[in-house]
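Contents: one structure, followed by commentary.
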Amino acid sequence: MSKVLVSDSIDQAGIDILSQVATVDVKLGLKPAELIEIIGEYDALMIRSSTRVTQEIIEAGTQLKIIGRAGVGVDNVDVPAATRRGIVVVNSPEGNTIAAAEHALAMILALSRHIPDANASVKRGAWDRNSFVGAEVYKKTLGVVGLGKIGSHVAAVAKTMGMKLLAYDPFISTDRAEQLGCQLVELDLLFQQADYITLHIPKTPETTHLINATTLAKMKPTARIVNCARGGIIDEVALAAALKAGKIGGAALDVFESEPLGESELRSLGKEVILTPHLGASTAEAQVNVAIDVAEQIRDVLLGLPARSAVNIPGLGPDVLEELKPYMQLAETLGNLVGQLAGGRVEVLNIRLQGELATNKSQPLVVAALKGLLYQALRERVNYVNASIEAKERGIRVIETRDASIRDYAGTLHLEATGTLGTHSVTGALLGEREIHLTDVDGFPINVPPSKYMLFTLHRDMPGIIGKLGSLLGSFNVNIASMQVGRKIVRGDAVMALSIDDPLPEGILEEIIKVPGIRDAYTVTL
Ligand SMILES: NC(=O)C1=CN([C@@H]2O[C@H](COP(=O)(O)OP(=O)(O)OC[C@H]3O[C@@H](n4cnc5c(N)ncnc54)[C@H](O)[C@@H]3O)[C@@H](O)[C@H]2O)C=CC1
Ligand SMILES: O=C(O)C(=O)COP(=O)(O)O
C-alpha cells in the first residue's frame, strides 16, 4: 500500500479520500531535518503553505511520485527540482479563490472603519467613538493589481459597493477587463489615482518588491494598500517607513516576506495597519474544497491516472506525448518568444501548422504554444492542462490554420501574436537531431537555434550597423555568443538575432534604439 505524508493542517475530507488508497500519516510542525529524515518512506506529500519543500527534501524523497499543495501558490515548493525528479506537483487553482477574495474585501472595509482597533478598544472597556471615524468606499477608486481569479472576484464585488475600478494586468485583454467593469491602466496611473490598492499577483522576479519606496511615493497620502497575495511583493521596511511618515494612509497585510512574521516595525504601528496570519484561504468551505481537490489528484496519480491540475507535467497520454514531444517543445518556445516580442497583452494568437506538420494532431501544439505564451504571466502555474482555459479567461483568441503547401523545411510551425503593441510573428522547425531552429522572425528569414538570452533588432540593412551594435554591447560588457541577420532585399529592412551569454543590463535597450538605422529592439529570456 502507498504511503502519504500530510505535513500541514488539511481538512479531514482530504484525509478520508487518501485513506481509500494509502496509509496516511499526519505529522504537523516537522523541522526541515525531521522531514528529510522520514520523506524517503513516502509516495506522496500533501502540504499547504507552511512546509517548505526544498530541493534537499525532494532529493531525499526517493519514492515520491506526487506533491499535492492544498491551495494555489506553489512558491514553497521547488517545482523545477520536482520536475527534474519526475515528481508531479499539483495544486487547487480555484478551491480557495472566493475565500482569498473575501479576505481582501474584508481588509478593505476593516481598514476603512478601523474595525480591529475599535473592537479591541471596546473589549478593553472603553467607549471611544471619536478615535474611529472612518471613510466610505462608495465612489472611491480601487486599483486591482492582477486581474486573475481572485482579482476578478474582488473587482466584481467592489463594483457592487459602488467603487470605481482601475486594473493593471499586462496579460489580460481590454475586453476581459471591460467585462469586469475595470479600466485597464498602466501601473503608475493606478498608483496615482487609487484610494485603495489590492494585490492579486503571483510572486515572481518581476513582482518582488513591486511596492517599494519609489512606488509608495507615487500614491495618494490617503491611499490604503492590501496584500492578500504573497509576502515579498511589498518591501515591508519601505512600507513601514511610508506609513510612519504619513506618505500613505494605511495597509492591511495577510502575507509577509518571512512567515511566521518575526520582529517587524509593522507591529508597532497603529490603527492604520492591520495584520493577519496568512488567513486568506482559511475558511471552512475553502479548506474542504482544496483538501478534496488535491487528495483526489494524489489518489489518481497513485493509481496511475493523470492529475487534472499538474503544474509541471503534461496531462496528455503517454503515446501522444512520445510522438509530439519535440514539436510541443518547439511550440512552447515559439509561444514564449512571440509573447515577449509582442510585449505583454496578446489578444489574438494565430497558429499555422505548415508542411508535413499540417497533417498532425494540432491540439497538443496549440496547448504548448499557449503554455509558452502565458509563461511570462503565470510561470510554473500554467501547464498543458490549464493553458487553454487560462488563455480563454484572458480573452486571447486562438486561430488555427494549416498550410501543407509551405515546404521550405519538413514541417514548420508559425505563430503570430497580435496585442495592444502591434503584431509579431515567429516560425520554427526541428532540424537534425530534433534541434529547435528559428527560421523566420517578423517575416525575415533566419536560421538560429534559440538560446536562453536573446536580442532581436529591426533595422535598416546598411554598412557599419552591426559593428556599432557590437561595440555598444561590448561597452556594456555583454558577450555575444552568435549573431545572424535576416533580410529580404539588400539595404532594405532587416532583422538581427543575437544570442547573448547573460541577461541584457537595464537601460541598454534604450541605447540600442538610438543607434542610427535601428528601429526597434527586443530582449527575450527563453
Ligand atoms: N492569502 C492567501 O491565503 C491566498 C493567497 N493567494 C495568492 O493570490 C495570488 C493570486 O491568485 P489567483 O488569482 O488565484 O491567481 P491567477 O493566476 O488567477 O491570477 C494572477 C494574475 O496576475 C497576473 N500577473 C502576473 N504577473 C503580473 C505582473 N507582473 N503584473 C500584473 N499582473 C500580473 C496574471 O496575468 C494573472 O491574471 C497568488 O499569489 C496566490 O498565491 C491565493 C489564495 C490564498
Ligand atoms: O493558496 C494559497 O496560495 C495560499 O496562500 C493559502 O495558503 P494556506 O494553504 O492557507 O497556507
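Scope of the values below: all heavy atoms of this structure, side chains included, with no hydrogens, waters or symmetry mates. Atoms within each ligand, like the ligands themselves, are counted from 1 in listed order.
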Hey, does Ala229 come in under 3.5 Å of ligand 2, counting only N/O atoms on both sides? no

Show which atoms of ligand 1 fall inside a sub-4.0 Å distance from at least one heavy-atom site of Ala100. 43 (C), 44 (C)

Have a look at Leu142 and tell me which of Ile108, Leu105, Val226, Leu166 forms a side-chain contact (heavy atoms from CB on, under 4.5 Å) with it. Ile108

Is it true that Glu390 and Lys371 make a salt bridge, defined as a side-chain N closer than 4.0 Å to a carboxylate O? no

From CA spacing to verdict: side-chain hydrogen bond (donor to acceptor under 3.5 Å, both in side chains), Asn289, Glu285: CA-CA 6 Å; Asn289 291 342; Glu285 296 86 346; over 6 Å; no

Does some non-hydrogen atom of Gln376 fall short of 4.0 Å from ligand 1? no

The single option from Arg379, Lys203, Arg69, Arg230 that satisfies salt bridge (Lys or Arg N to Asp or Glu O under 4.0 Å) with Asp75 is Arg230

Considering heavy atoms of the protein only, find what lies nearest to atom 5 (O) of ligand 2 and give residue, atom and distance to 0.1 Å. His278 NE2, 2.7 Å

Which residue and atom name correspond to the protein heavy atom nearest atom 2 (C) of ligand 2, and how close is it? Arg69 NH2, 3.3 Å

Ligand 1 versus Arg394, non-hydrogen atoms closer than 4.0 Å: side chain, backbone, both, neither? side chain

For Asn96, the atoms of ligand 2 under 4.0 Å from one of its heavy atoms are 1 (O), 2 (C)

Any non-hydrogen side-chain atom of Lys392 less than 4.5 Å from a side-chain atom of Ile396? no

Ligand-residue contact atoms, ligand 1 with Gly73, heavy atoms, under 4.0 Å: 41 (O)

With a 3.5 Å distance limit and no angle check, can you tell me whether Arg267 reaches the backbone of Leu261 through a side-chain donor-acceptor pair? yes

Evaluate Ile150 for polar contact with ligand 1, using N/O atom pairs at a separation under 3.5 Å. yes

Using a 3.5 Å distance criterion without hydrogens, assess whether the side chain of Ser152 forms a donor-acceptor pair with backbone atoms of Gly148. yes

Between Gln287 and ligand 2, does any nitrogen or oxygen pair lie at a separation below 3.5 Å? no

How long is the straight-line distance from CG of Leu337 back to OH of Tyr375, given to the nearest 0.5 Å? 15.0 Å

Mind checking whether Gly151 has an N or O less than 3.5 Å away from an N or O of ligand 1? no

For the aromatic rings, using the six-membered ring if either is Trp, is the centroid distance between Phe256 and His278 under 6.0 Å? no

Only heavy atoms of Ala281, strictly under 4.0 Å: list the atoms of ligand 2 that pass. 6 (C), 10 (O)

Please confirm whether Lys218 makes a cation-pi placement over Phe191, using NZ or CZ under 6.0 Å from the six-membered ring centre and within 45° of the ring normal. no

Non-hydrogen atoms of Pro116 and Ile274 that approach each other most closely: CG-CD1, 3.6 Å

Run the numbers on Gln192 and Asp188 for side-chain hydrogen bond (donor to acceptor under 3.5 Å, both in side chains), then give the verdict. CA-CA 6 Å; Gln192 283 156 20; Asp188 270 358; 5.1 Å; no

I'd like to know if Leu378 contacts ligand 1, where contact means a heavy-atom distance under 4.0 Å to any ligand atom. yes

Of the protein's non-hydrogen atoms, which lies at the shortest distance from atom 1 (O) of ligand 2, and what is that distance? Val72 N, 2.6 Å

For Ala70, atoms of ligand 2 separated by under 4.0 Å from a heavy atom: 9 (O)

Nearest candidate to atom 35 (O) of ligand 1, where distance is taken over non-hydrogen atoms, out of Val290, Asp169, Leu210: Asp169

Heavy atom to atom 7 (C) of ligand 1, shortest distance: which of Ala229, Ala104, Gly95 holds it? Ala229

I'd like to know if Ser50 contacts ligand 2, where contact means a heavy-atom distance under 4.0 Å to any ligand atom. no

Test your reading of the model: is there a side-chain donor-acceptor pair from Lys65 to the backbone of Gln63, 3.5 Å cut-off? yes

Rounding to 0.5 Å, atoms CG (Asp43) and NZ (Lys3) come to a distance of 9.0 Å

Relative to the heavy atoms of Gly71, which atoms of ligand 2 are at a distance of less than 4.0 Å? 1 (O)

Below 3.5 angstrom, do we get any N/O pair linking Lys203 and ligand 1? no

Go through ligand 1 atom by atom and flag the ones less than 4.0 Å from a non-hydrogen atom of Asp254. 1 (N), 2 (C), 3 (O)

Under 4.0 Å, heavy atoms only, figure out whether ligand 1 is touched by the backbone of His278, its side chain, both or neither. side chain

Please list, in number order, the atoms of ligand 2 under 4.0 Å from a heavy atom of Gly73. 1 (O), 2 (C), 3 (O)

Within-4.5 Å side-chain heavy-atom neighbours: Ile234 and Leu253: yes

Which atoms from ligand 2 have a heavy atom of Arg48 less than 4.0 Å away? 8 (P), 9 (O), 10 (O), 11 (O)

Just jot down the ligand 1 atoms closer than 4.0 angstrom to any heavy atom of His200, in number order. 10 (C), 20 (C), 21 (C), 22 (O)

Contact atoms of ligand 1, heavy-atom distance to Thr207 under 4.0 Å: 28 (C), 29 (N)

Which residue owns the protein heavy atom closest to atom 11 (O) of ligand 2, what's the atom, and how far is it? Ser49 OG, 2.4 Å

Is there side-chain contact between Ile351 and Glu416, with at least one heavy-atom pair below 4.5 Å? no

Against heavy atoms of Pro170, which atoms of ligand 1 measure under 4.0 Å? 30 (N), 31 (C), 32 (N)

